[in-house]
Structure formats: C-alpha cells, structure tokens
Amino acid sequence: LLVGNRQIQSYGRSGNAKQAKKIFDSLPWKDSFTWNIMLYAFARNGHLRDAESLFENMPSPSIVSHTVMITAYGKTGCLERAREIFNRATDRTLVCWNSMLTAYAQNGHMLNAQEIFNEMPQRSIVSFNILLTAYSTNSDIHNAKMFLENMPQWDLVSWTTVLIACARGGHIKDAKRMFEEMPQQDLVVWTAMLELYCDTGNLEALKRFYDKMPQHDRVSCNVMLSAYARNGYIREAKDILAAMGAKD
RNA sequence: AGUCCCUGGUGUC
C-alpha cells in the first residue's frame with residue numbers, strides 16, 4: 001500500500017497523471033491517503049474534471065481532499081466552486097483556511113480574502129504571507145506596509161515577497177539593502193536578486209552575481225541562460241545549457 | 001509507527 005501510494009505520488013509529480021491513475025486502479029486496497037494522492041495528481045496537473053469526478057466518487061473525502069479541491073478551483077479561478085467545497089467542509093484545518101484565503105487573494109478578491117483572514121480561528125505565518133503577497137503583486141503599497149507592521153514575525157518568504165515588490169517598483173537600492181539585512185538567504189531569494197540584475201541590464205554585474213551564488217538550480221540557470229540569449233551571447237548560453245545537462 | 005493538502009524565484013503568446 002505504501003509502495004503503491006508512493007508510485008502514484010511519483011507519477012503525479014512528474015506530470016504523468018494517466019500512469020498514476022493506472023497504478024491507482026490496479027491497487028486492491030486503497031486508504032484515504034491513496035485517494036488524496038490521486039486527487040492531488042489530477043489537480044496539480046490541471047485535470048480539473050478528473051479531479052472533480054474522483055472527489056465526488058470518494059468513499060469518505062477528508063479535510064485534505066476538500067483542501068486539494070479548494071486549491072485546484074482557486075488556481076483556475078472557480079471561486080464559487082471553491083467556496084462551495086469550503087462551506088461543505090466541517091472540520092476545517094488551518095491549511096484549509098489558508099487555501100480558501102489563497103483562492104481569493106490570488107484572484108484579486110481582496111475583500112473576500114480579508115473577510116476570511118478575519119474569520120480564521122488561527123493564523124500562521126503562511127496566512128500572513130498570502131495576504132502580503134497579494135498586496136505586493138497588486139502594488140498596494142499602503143496596505144502592504146500596514147500589514148507588514150502587524151505581522152508577528154517574518155520568514156524567508158515574507159522577505160522575498162517584499163524584496164521582489166521593491167525590485168519591480170524600481171526601488172533597486174531598497175531591494176539590495178533587504179537582501180543584505182535578511183537573516184538568511186536561500187536559493188529562491190538569490191535567484192530573485194539575479195533577476196533584478198537582469199532587469200538593470202548590466203551583464204557584468206549579472207555575471208559577477210551569478211558566480212557568487214552558493215548553488216544553482218534549473219530556475220537560476222534559466223534566468224542566466226535567457227539573459228545571455230537575449231543579448232546575443234550564444235557561446236556563454238551554450239555553456240549554461242551544457243552545465244544544466246540538457247535537463248528541462 | 002511510516003506516505004496526502006496551504007504562501008515567495010525564470011520560462012511554457
């Protein structure tokens with residue numbers, strides 16, 4: 001059972017929902033995790049109809065199943081469907097509330113999002129980050145600032161969100177200062193800074209920053225790759241491609 | 001006992 005669940009999950013992660021379903025159908029015994037993993041495999045790969053019908057046919061959909069559906073509907077902008085599922089859930093967890101919050105926030109329904117935020121029985125740093133991200137991407141500086149002051153604590157995600165908002169707003173100095181001031185940096189925030197150097201158009205500085213980075217992954221390589229390609233540095237671009245090992 | 005769900009980085013016109 002555990003092996004089967006892991007196989008479904010692994011096919012789901014690699015985007016192969018069909019193969020995942022094949023394993024799912026072949027399992028003689030399924031627990032609630034099996035169903036949820038299959039549900040998530042459909043949802044994360046954009047097979048909303050399949051997810052829907054699986055959900056409706058589940059023997060006993062758990063709060064996790066409901067949460068997966070809320071997230072899936074949220075990502076596709078079906079807010080009324082998301083809310084329906086949310087209302088249907090009786091035993092809402094913090095993650096479930098956060099998913100509903102994300103659905104509203106990512107689709108620009110900020111009044112609904114604020115309502116959910118106020119109604120939530122508990123909030124985590126994730127809840128705060130969801131709203132912070134929405135304010136930032138809407139360039140709602142006033143609400144973002146007010147919100148920042150009320151946040152109980154900041155984590156890497158909070159810092160990165162605000163740093164990117166600064167960079168996109170043209171506040172390069174602020175973004176750089178934040179990068180220095182934040183308690184620790186991870187690959188995501190390094191890459192966000194790399195993107196900032198891309199936008200300033202200084203290839204020298206960009207390259208220097210790229211070489212200074214502690215690690216790389218496919219995203220950071222892609223950023224550097226397209227910067228080279230866009231500027232006609234074909235040879236350098238090919239070096240990056242080679243380093244990526246023809247992956248992606 | 002152990003496997004499932006939420007927020008931040010590039011691209012998929």
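Please read these numbers as outputs of a predicted model, since none were measured by experiment. Naming: A, B, ... by sequence-line order, numbering from 1 per chain.
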To the nearest angstrom, how far is [X] atom [atom1] from [N] atom [atom2]?
X: A:Ile240; N: B:U10; atom1: CD1; atom2: P; answer: 18 Å
X: A:Asp199; N: B:G11; atom1: CG; atom2: C1'; answer: 14 Å
X: A:Asp248; N: B:U10; atom1: CG; atom2: C1'; answer: 10 Å
X: A:Tyr228; N: B:U10; atom1: OH; atom2: C1'; answer: 16 Å

Considering only residues two or more places apart or on different chains, which pairs with a residue in residues 228-245 of chain A satisfy side chain to side chain donor-acceptor pair (under 3.5 Å)?
none

What residue pairs, at least two apart or across chains, pass side chain to side chain donor-acceptor pair (under 3.5 Å) with a residue in residues 156-165 of chain A?
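Qualifying pairs: A:Asn129-A:Ser158, A:Asp155-A:Ser158.
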
Provide the full list of salt bridge (Lys or Arg N to Asp or Glu O under 4.0 Å) pairs with a residue in residues 114-124 of chain A, sequence neighbours left out, each pair given once.
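For residues 114-124 of chain A: none.
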
Salt bridge check, A:Arg49 against A:Glu52: does any charged N sit closer than 4.0 Å to a carboxylate O?
yes

I'd like to know if A:Glu84 pairs up with A:Arg81 as an ion pair, taking the criterion as any Lys NZ or Arg NE/NH1/NH2 lying under 4.0 Å from an Asp or Glu carboxylate oxygen.
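A:Arg81 and A:Glu84: salt-bridged.
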
Check each residue of residues 202-215 of chain A for a non-hydrogen atom within less than 4.0 Å of any atom in RNA chain B, then write out the ones that pass by number, or none.
none

For a quick check, with a 4.0 angstrom heavy-atom cut-off, what is the B/S/- contact string for nucleotides 2-9 of chain B, read 5' to 3'?
BBBBBBBB

Which residues share a ring-ring contact (aromatic ring centres under 6.0 Å, His included) with A:Trp190, sequence neighbours left out:
A:Phe179, A:Phe209

Does the gap between the ring centers of A:Phe128 and A:Phe117 come in under 6.0 Å?
yes

A:Arg83 and A:Tyr104: side chain to side chain donor-acceptor pair (under 3.5 Å), yes or no, with the steps?
CA-CA 9 Å; A:Arg83 186 56 189 246; A:Tyr104 283 132; 3.2 Å; yes

